[in-house]
Structures are given as structure tokens and as C-alpha cells.
Amino acid sequence: MNAGTDSEIERTIRENHPALIAYITAGDPSLEETREYVEALDRGGADLIELGLPFSEPIAEGPTIQAAINRSLEAGTTPGAFFDLVAGLETEAPLLVMTYYNMILQHGPDADPEPFVSRAAEAGLAGIIVPDLPAEESGPLRKACEAHGLDLVFIVAPTTDDERLDSIMERTAGFAYVQARLGTTGARADVSGATHDSLARLDEYPIPKAVGFGVSEGDHAAEIVSAGADGVIVGSALVDLIAESEDPVAALESKARELKAGAERGVPEPEQP
Amino acid sequence: MSEATFGEYGGQYVPEALMPALAELEDAYERYVRNNEEGFMHEFRERMADFGGRPTPLQRADRLSERYDREIYLKREDLLHGGAHKLNNALGQVLLAKYMGKERIIAETGAGQHGTATAMAAAHLDMPCEIYMGRTDVNRQRPNVYRMRMNGAEVTPVEAGRGTLKEAINATMRDWATTVENTHYVIGSVVGPHPFPTMVRDFQSVIGREARDQIREKAGRLPDSVLACAGGGSNTMGSFHAFVPDSVEQRSAKDSSGQRPRDGVSLYAVEAGGSSLEIDEEEGLAPNSATLSTGTDGVLHGAMTKLLQSTDGQIMESHSVSAGLDYAGVGPELSHLVAEGRVTPASVGDDAALEAFHRLSRLEGIIPALESAHALGYLERVAGPDAGEYDVEADLGDLVVVTVSGRGDKDLETVLEETEKRDIEAAPDVEVFGQ
Ligand SMILES: Cc1ncc(COP(=O)(O)O)c(C=O)c1O
């Protein structure tokens, strides 16, 4: 269950504590540019990088990532081309794919998740996050992930009750994705008060916890880490840079630096002897 | 506890944040809908009678019976308050939300019929209500937008995608993921995560229960077949549920009526064939909504079911002249009943549906919803004067019930516009409007 040493993702978070986990949508605006952006994030100090494989009905996404997914789909991004891109990337940061369950089911025949996982492993991905797959429905995918040595990361929501919390924490691999607030993804100007409560509830579980949904600035990262998180997950703020910056490569690299430095500021000072 | 799946279909494929709300809803459904005859269900039935106008009639359609040379009965859900079967579910869910202590109602709508029914139910039960509706649908179903506003509901247009039901559901789910603690999502069909498909079916099953009693009273026996249109499939499952046990296996043992040896009550789910059953994979477009007939298994809006999708798993943009059928998914229980062979899927295209719309209006004095016209169009295909021209074969039998799921007032603009593009025999001469 908590075989931390087997998990490349868990090891990475522990070794680079506090970790920065960066999300961008693959293929926004093209897979060629995604390659440059991933390399920029890697240089800027992102410890793990999540790549969104676009699905036409992204129900967990706010306007920013919905728009990125639309741009990617308009550019013709397919799972095949996505895996080819990933296979060619040489980043220090391990890579995860974030996508919706139907994309995973349709990669092979008969709505079976195994072919997707097999291809993901072959391409060098270390983990999978599926926002519309709760623990109850995760049996077949988890089995495939275990067989291929991939981490299936589960999300803990502010509404998750204690009973569900146990079963999620038992199943999640690599880290627990702590959803900072109710709602969809999207950059916010502050840190949700729910974050502190969520982290306090998770304190007793040994697996690393990373907080996402709304994190956009170094100061947020500092606050979240000081509240006990092992990592921060930043998505929409990076996607905004891709959409709006004149030089996204430079902007992403420096944003990653800012966020990583912020996270490090949040580490409590060791007590004076 | 009720089952979360129907065979391999159904389930709960939703973000973690919504799972506790589904558990809470399942509890409330068990407590009030399944096990509270004297309380919740009594109040629900009273309100459906006094506010809704139940029971709706089962009417013998004299001229259709003549045309098709068999007994045709219409289950008149068009006469329900609001003009469609949608109120059965909307009132049930809004009342349940009230019992659950929720403070706000949200819903998606396609044709606007579910939105209208929800807005009416929310006004009736004094609950604030917000309706999400795709931009295309807002434009093609204007009368319903006005009706929702009259009843005090907020109507929020959804600009994403092609602006139809699929996008409206996405937007409503996003709202719910944010407001789940005080808000109930009144889903409009037998779709979505468990317990919605089961609960909505139960609220709608009054259609088939009444029809089953009424046909026995009027015709002295069970029908040979029941036809209903299928978008998400709520009027379909509502019409079929009481008849599902009247299958070949169950009936053959006890059927000694001697009239015509029937094997059971055949069930036909008639989908929108749109302009073609072919899929344009490049464009991501299915110019139809014939999910049961042509779809493949996958996960959409919380359930494993039949879908119109590309080989990669992207959901197709569907099409139908009728907004209420324009959806790339279908209820998981219907997918299951089709897989088992209990329900026969069929499809009728835009042209035939428009013809059927005019035919029923002209022959019976009933203007049906374009959705319902699909079910009537299937009757024409199988039993009409030109039936030989189509390679559809179905043994509808001598006694047929067709559910008229709604009335067509909301569709008049669309129908006039679409009729002009076609040559439809039964269509009236629009010159009377004095251009
Ligand atoms: C009159 C009418 N019939 C049928 C439908 C299709 O829905 P369902 O398949 O859930 O009955 C609609 C949907 O809006 C409708 O308004």
C-alpha cells in the first residue's frame, strides 16, 4: 500500500520536498510547442509535470483549461500523437497524464483500460490522474496500473467524508491530490480556508499530499506548504501564461521558479536547539 | 440499496467532490421514494394530480387506426401540465430536494421542456432555480425560454461547443461541483450517475403503469407493442418500465387470449436518425442522435452507456431537428435492455419526423412535440402505405400504444422553417399567413 520506495513519483516528491507539480494541456496550441513548454517547466524547477490529454467533455475544468482543451482539440491532438510526444521527452521531472476515463477506455477495443496503460508505460509516463473516476469505479484501471508499474493518483475533495477518506488514501499511489476548494479548476487570488482543514485531516496518512485547484502564486505555495502540504499543483495559472504571454517559454520557466521558491519559503524553520 | 448498474452499464463516474452528494441522494431516494408511501409518495401523487393533471388519458386514435389497419392508442403525456412528460420527474426531484433540505435547484435543458418543467415545479414549491441551456437551443426554443423566465427561473446560456444538451449538462455538473452542499441537480432524463437513472425512471414509470391499466380497460388486454421516442430515454423508460416483465418468457405461459398468439409486449425505442446515420469521424460529427442503434460503449456524464464517439473517445456532436433528442448519449438502463434484446432500437430521420408531425396534427387534431413525432414516424415506416419501400421490419402487432411525450407548440417556428425546405404532403399551405 505505502510502498513508497517503489514509486518514482513518491520518491521524487520526498527528495525534492516541497515539490512543485505543474500542469499544462498537451497540444495547446500544438504538441510541438508543448515539448518546449515542458522543457521550460523542467528547467524552471517543476518536480513533476502533468500533461492533460484533451477530452471533449471536461466536466471538472474551469474556463481556462476548457479553452486550452478546445485549442488542443482544434489543433487535432490525438492520443497516438500525445504518446509519441511523451516518448520523445527527456525531462528530469517524471511525467503524469491527466485525462478523463472515456479516453482511457477507448484506446483499445472493448472499453478496456489496459491498452492505454500499457502504452502510457511504454511512453515513459509515471502516473495517471482521472478526475471523473472515483475510487468505487477504479478497479479495472488500478489493476492495469499495478501491472505496468504506474501510479494512479486519487483526488480528495473538501466534501470527502472520513469513511471515503480511508478508502481513497489506501488506494492512491504516488501522492494524494488534495482539492483545495469545491468547484472546477481555475486560478484564484487567494488560498482557500478549506486547504488547512483538509491537510489537518490527512496528517496521519504517510503518503505525500499535494494541493491543487486555484493555486497561482508563489505566496500561495508558501502558505500551502506551511500548512503541511508536501507539494503544490499549479495548472490554470500556467495555461493562462501559454494563452497570453508573448514569450511563453520564458514566462513558464520564470513562473516555475517563482512557485518553487514560494513553496520552499513555506517550509517551517527548523527549531533552534 | 438499489443497484448502481444495469448489467455492464451505469455506475458513478463523477469527480470525487460529488460522490458524497450522490450517497446523500441515494439515501433520500431509498428513504422517501422507495419506502415512504404515506409521506413523500402520497404528497407527490397528490401534487401530480392537482398541479400536474394526472392521470393523462390513453386515447384511441381513430384515423391512425384506420390508416395503419390496427388499433392505435396514444398515451397523452402532451396533456400533462407544461406540455410534456418532463413534469413527472421534475416535480418528483424538486419535492425530494425540499425533503432533503436543499435550498437551490439547478437543471440543464435541451428542448427547454425539462427546464420549463423544473422552473414550474420550483415555483410551485417555492425554490430558487437556475437553468443551463445551450446557445443553439436557446435560439431554437425561444417560447420555452420565456416560460422559464415567467416562472422566475434564471436561464444561463451555455456558449461552449455546438450549444446543445451535452454542453448544458457539462455546465450544470460544474455548477453542482461548486454548490453541491446546498444545491440539488435535477437531471432531466434517465442519464447521469447512479441513482439518477433509477430514480428518474421511477418518477416517470407512472406513464407505463397508467397505460397498462388503461389499455386493459379499453381494449381488454395488454398491447402487442409500445413505442416511445428516445433522447436520454426518460419517456421511453417511463413508458416501458411497467411492461418490461411482460416479455416473451413471462407471457407465453399464461397467454390464452386466443386472439392472436403474441409472445409478449414488444418495446420500441425510436431515436432521431437526423439527416443520416453515417458518422463523420474527421469532423467529429454524427448527423443523428441514434445512440442505441449505432453507438459504442463508453463513459459520459457519469455513466457507462452507449455513446456517439470517435474511435479515440471524443464525444461526437449529434444532430436532430428535435432539440430534445439531440444528445450523444442515452440512459444506461436502455443500453442494457437493448443489449439483452428486451428493447428494440429504431430510428427515424428528420424528414419522416416532420411528416409525422404534420400527419398527427392533420388527422387527429393533436400537434405533437417533434420528439414524439419520431415515434409516430416509426409507425408510418413499419405500417404506413409505403412501408414496403423501407427495409424496416417490425412486428408491431394489432394493438399498439404510442407515447406522445409532449405537445408541439414549442416547435412551431422550427417546423415552419424546416417544412419550407421540404415537400411534405400533409403540411398546411403557409400562404394563409398572408405573406
Ligand atoms: C416532448 C419530449 N419528448 C421527449 C424528449 C426526450 O427526452 P427523453 O428521451 O428523456 O424522454 C424530450 C426532451 O426534451 C421532450 O421534450
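Lettering follows sequence order; numbering is per chain, from 1.
- Here the straight-line distance linking atom CG of L73(A) with atom CD of Q314(B) works out to 5.0 Å at 0.5 Å rounding.
- Here the shortest heavy-atom pairing between N102(A) and G313(B) reads ND2-O, 2.9 Å.
- No donor-acceptor distance shorter than 3.5 angstrom exists from the side chain of T184(A) to the backbone of R174(B), with no hydrogens or angles considered.
- At a 4.5 Å heavy-atom cutoff, I104(A) makes no contact with chain B through either its backbone or its side chain.
- T179(B) does not touch chain A: none of its heavy atoms, backbone or side chain, sits under 4.5 Å away.
- With rounding to the nearest 0.5 angstrom, the CE atom of M304(B) is 5.0 Å from the CG atom of L105(A).
- Checked options I169(B), L300(B), N170(B); the residue passing with I59(A) is N170(B) (criterion: side chain to side chain contact (heavy atoms under 4.5 Å, CB included)).
- Of the atoms belonging to P54(A), it is backbone heavy atoms, and not side-chain ones, that fall under 4.5 Å from chain B.
- Counting heavy atoms of neighbouring residues, nucleotides and ligands inside a 6.0 Å radius, atom CG of N182(B) exceeds 12 of them.
- Nearest heavy-atom pair, V299(B) versus Y101(A), reported as atom, atom and distance to 0.1 Å: CG2-CD2, 4.0 Å.
- Interface remark: M316(B) contributes no atoms to any contact with chain A (heavy atom separation under 4.5 Å).
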* Pair V14(B)-D132(A), side chain to side chain contact (heavy atoms under 4.5 Å, CB included): steps then yes or no -> CA-CA 4 Å; V14(B) 296; D132(A) 63 344; 5.9 Å; no

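- For Q309(B), the part sitting under 4.5 Å from any heavy atom of chain A is the side chain, from C-beta outward, and nothing else.
- Chosen from R181(A), E136(A), R164(A), H107(A), the residue pairing most often with chain B at heavy-atom distances under 4.5 Å is R164(A).
- Residue contact with chain B, scored on non-hydrogen atoms closer than 4.5 Å, is absent for P158(A).
- Q12(B) approaches E137(A) most closely through the heavy-atom pair N-OE2, 2.6 Å.
- Heavy-atom contacts from other residues, nucleotides or ligands closer than 6.0 Å to CD of E159(B) number more than 12.
- In this structure, no portion of E163(A) lies under 4.5 Å from any heavy atom of chain B.
- Separating the CD atom in Q106(A) from the CG atom in D297(B) is a distance of 8.0 Å, to the nearest 0.5 Å.
- Atom CD of E281(B) has more than 12 heavy atoms from other residues, nucleotides or ligands within 6.0 Å.
- In terms of heavy-atom pairs under 4.5 angstrom with chain B, the leader among A60(A), P134(A), G62(A) is P134(A).
- Of all heavy-atom pairs spanning S56(A) and I315(B), the tightest one is OG-N, 2.9 Å.
- Side chains of Q179(A) and E16(B) form no contact here, defined as non-hydrogen atoms less than 4.5 Å apart.
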